Amino acid sequence: MNDAQETQITRKDEREAKLPPKSNFSEWYHELLKSAEIVDVRYPVKGMSVWYPFGFALRSHVYQIIKELLDVDHYETQFPLLIPETEFMKEAEHIKGFEDEVYWVTHGGRDPLEVKLALRPTSETAIYPMLKLWIRSHADLPLRIYQIVNTFRYETKHTRPLIRLREITSFKEAHTAHATWEEAAMQVEIAVQRYIEFYRRLAIPCLVSKRPSWDKFPGADYSIALDVIMPDGRTLQVGTAHLLGTNFAKTYEITYEDEHGEQRYVNQTCYGISERCIAALIAVHGDDKGLVLPWRVAPVQVVIVPIIFGDREPILEVCRSIESALARRNIRVRLDDGDERPGAKFYKWEMRGVPVRIEIGPRDIKNGVVTIVRRDGVRKTLPMGDGLVDAILAEAEELQAVLYNRAKEFMDSKIKLVSSLDEARSQVQSGVARVPWCGSVECGHALEDQVGANLLGEPRGDEIPPMGCLICGRESTGSTYMARQY
RNA sequence: GGGGUUGUAGGGUAGCCUGGUCCAUCCUACAGCGUUCGGGACGCUGUGACCUGAGUUCGAAUCUCAGCAACCCCA
């Protein structure tokens with residue numbers, strides 16, 4: 001091998017090494033956030049990063065789905081960022097859960113404030129004093145509102161972009177009030193179903209479990225959580241729904257007059273999703289070449305790459321006519337007529353997860369076809385003409401199914417029912433263990449200690465054959481997921 | 001919570017141990033011109049950096065301390 005060849009190879013390796021393999025998840029994730037222009041972590045405050053325009057467009061399309069799902073029977077609102085200390089400190093258990101992570105505004109200009117103001121870590125204490133004013137009678141119930149806002153938590157653990165932040169930029173939080181506990185419990189169930197549907201539209205399967213009592217939302221009767229299994233086998237909590245019962249209603253005196261003229265406390269729920277859903281989207285579908293985005297949320301759904309030989313114009317003309325045919329059907333299409341060579345464009349748009357690429361060159365034009373390449377690697381030639389747009393939409397649908405099935409298969413392969421502590425310890429190194437558990441708090445803590453992982457909680461509606469609790473040995477059909485969590 | 005590593009152009013790096021050779025290396029990116037274009041093109045020309053602060057010193061990218069920030073591993 002001569003020097004020239006050696007140099008060639010070195011340079012090619014350097015180029016390909018730009019994105020580490022997905023098997024090295026942590027580094028792959030960080031590099032991808034930058035290369036695909038999702039968020040820029042270089043903002044000079046710890047735990048706060050900036051959405052690139054491309055990342056923000058992705059975020060907008062994703063949150064559009066949440067809005068659609070909620071707008072059926074919720075109203076969108078917006079409450080202030082600042083919460084007076086006096087309101088924030090009313091609910092004891094809630095304070096205990098959050099006060100170590102609160103940013104405080106203590107000054108207005110140079111003057112110290114008489115009442116400190118908290119930057120919301122979540123908005124219960126901002127919203128509930130107003131619900132007290134808004135809710136008068138049973139006719140006002142059920143009340144369902146949500147907002148999409150930023151929240152602030154002074155995280156002491158290591159921050160991680162989109163996953164553990166000091167400013168959560170995209171917290172969708174819903175709050176509901178109902179006449180009875182049962183209705184509120186039903187609302188929690190509805191919320192969970194909406195969230196499952198939300199993630200299904202992102203082609204992401206989730207684990208759903210009831211969090212153990214020591215891990216529920218501060219001030220809740222119970223909490224249901226959705227978790228996604230990340231490529232490295234750790235889990236990411238990507239949604240929660242909490243039954244608050246009358247806990248907050250009593251503190252904030254939120255009452256309604258029932259049919260018999262009596263004042264009763266409302267029963268409340270709250271449920272939330274943050275930009276962790278974007279982290280999950282990236283982690284679950286991405287591959288060694290970059291992002292892989294479901295059609296529905298891709299900022300660019302179709303990219304057209306002209307393959308030019310000699311005369312540009314005839315080829316570009318065909319590209320433009322296809323571009324406008326797609327645009328007329330509200331498809332987000334981009335004609336990449338830049339100066340780079342086709343190969344460079346392929347890599348660029350693959351990094352950004354574009355679901356469908358169309359290549360048009362002299363050969364295609366001669367044959368009356370276009371070449372399409374789906375982001376999952378499937379390559380086809382489709383006839384040019386009236387049916388092309390529909391054919392591409394069909395490909396998009398197929399891609400969606402491929403992504404979901406692939407993700408589901410991965411998730412299932414990462415969950416294992418274990419029958420000993422040793423087996424549990426080994427399983428949580430690379431996935432989720434389903435662990436027989438009697439349900440007691442003592443055994444739960446003992447499991448976390450001895451397995452070295454967290455209890456996610458009881459899987460819902462899915463019993464295991466009777467087995468002995470791994471700690472106390474009592475026979476039980478109960479179990480819990482255990483995993484190392486993000 | 002504990003430990004480790006790191007901070008040099010838009011991005012990635014060399015130099016740091018052993019202070020002066022450095023108006024700082026190479027790759028990439030960006031701008032201009034030309035030839036190109038079916039999987040990361042090439043030539044020529046040009047642009048651009050030592051995290052912040054203090055200290056040691058005749059002299060600091062290099063040594064010391066502090067701050068800020070980032071990443072990795074473990075709990």
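Fair warning: this is a prediction, and the values are worked out from it, not measured in the lab. We use all heavy atoms of the structure for the numbers below, so side chains are in, but hydrogens, waters and symmetry mates are not. Letters A, B, ... are given to chains in the order of the sequence lines, protein chains preceding strands, and every chain is numbered from 1.
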So A:Pro306, base contact, sugar-phosphate only, or nothing? Heavy-atom distance under 4.0 Å. nothing
A:Asp449 CG to B:C74 P, straight-line distance once rounded to whole Å: 18 Å
Mark yes or no: A:Lys210 above the aromatic ring of A:Tyr222, with NZ or CZ under 6.0 Å from the six-membered ring centre and no more than 45 degrees from the axis. yes
A:Phe346 has its side chain closest, among B:G39, B:C72, B:C71, to B:G39
B:C33 -> Watson-Crick or G-U wobble partner, both distances under 3.5 Å, gives B:G43
Please name the nucleotide paired to B:A9 by Watson-Crick or G-U wobble geometry with both distances under 3.5 Å, or report none. none
Measure CZ/A:Arg484 against P/B:A75 and give the value in whole Å, please. 8 Å
Distance col, row A:Gln485:CD vs A:Leu455:CG, nearest 0.5 angstrom, shows 9.0 Å
Taken to the nearest whole Å, CG/A:Asp339 to C1'/B:U35 is 12 Å
Please state the C1' separation for the pair B:C23 and B:U18 - nearest whole angstrom. 24 Å
Here's a test of your reading of the structure: between A:Lys34 and A:Arg312, which maps to the more 5' nucleotide of RNA chain B? A:Lys34
Nearest to the A:Val373 side chain among B:C37, B:C72, B:G39, which nucleotide is it? B:G39
Separation between the P atoms of B:C68 and B:G11, rounded to whole Å: 22 Å
Mind checking the P distance from B:A9 to B:G48? Whole angstroms is fine. 14 Å
Between A:Arg341 and B:C37, is there a contact of a side-chain N or O with OP1 or OP2 at under 4.0 Å? no
On RNA chain B, compare the nucleotides closest to A:Ile365 and A:Glu27; which residue's is nearer the 5' end? A:Ile365
Taking only the C1' atom of each, what is the distance from B:U13 to B:C50 in whole angstrom? 13 Å
Between B:C73 and B:G67 - P atom distance, rounded Å: 25 Å
A:Tyr347 aromatic ring stacked with six-membered ring of B:G40, 5.5 Å and 30°: yes
Re B:C22: Watson-Crick or G-U wobble partner, both distances kept under 3.5 Å, found to be none
A:Glu359 side chain near A:Pro342 side chain, heavy-atom distance below 4.5 Å: no
Without decimals, in angstroms, what is the distance between A:Gln429 CD and B:C73 P? 13 Å
Taking the six-membered ring of A:Tyr154, is the NZ or CZ of A:Arg166 close enough (under 6.0 Å from the centre) and on axis enough (within 45°)? yes
Strand partner of B:G67, provided both Watson-Crick or wobble distances fall under 3.5 Å: B:C51
Just do the side-chain contact (heavy atoms from CB on, under 4.5 Å) check on A:Ile224 and A:Ser209 with the steps written out, would you? CA-CA 6 Å; A:Ile224 309 289; A:Ser209 42; over 6 Å; no
Pairwise C1' distance, B:C16 and B:U25 [rounded to whole Å]: 14 Å
Tell me whether the rings of A:Phe217 and A:His242 are parallel (<30°), tilted (30 to 60°) or perpendicular (>60°). parallel
Donor-acceptor check, side chain of A:His30 to backbone of A:Arg160, threshold 3.5 angstrom: yes or no? no
Nucleotide B:C68, atom P - distance to CZ of A:Arg166 in whole Å: 10 Å
Round to the nearest Å and state the distance from A:His30 atom NE2 to B:U6 atom C1'. 14 Å
A:Glu313 has an atom CD; how far is it from atom C1' of B:C37, in whole Å? 16 Å
Counting C-beta onward and ignoring hydrogens, is there a side-chain heavy-atom pair between A:Met411 and A:Leu207 closer than 4.5 Å? yes
Pairwise P distance for B:C74 and B:G12, with rounding to whole Å: 24 Å
Looking only at side-chain atoms of A:His158, point me to the closest of B:C37, B:C73, B:G38. B:C73
Categorize A:Arg42 for me: base, sugar-phosphate, or nothing, with a 4.0 angstrom heavy-atom threshold over every strand shown. sugar-phosphate
Looking only at B:A70, B:A41, B:G2, the nucleotide nearest the A:Ala344 side chain is B:A41
Between B:A29 and B:G20, how many Å separate the two P atoms, rounded to a whole number? 33 Å
Using whole Å, what does the distance between atom C1' of nucleotide B:C71 and atom NZ of A:Lys46 come to? 11 Å
Any idea which of B:G1, B:G40, B:G38 is nearest the A:Thr156 side chain? B:G1
Return yes if the base of B:G39 and the side-chain atoms of A:Glu350 contain a donor-acceptor N/O pair under 3.5 Å, otherwise no. yes
Would you mind classifying the nucleic acid contact of A:Gly338 as base, sugar-phosphate or nothing, using non-hydrogen atoms under 4.0 angstrom? nothing
Applying a 3.5 Å limit to both distances, which nucleotide forms a Watson-Crick or G-U wobble pair with B:A61? none
Donor-acceptor pair (no angle test) under 3.5 Å: A:Arg379 side chain, B:G38 base: no
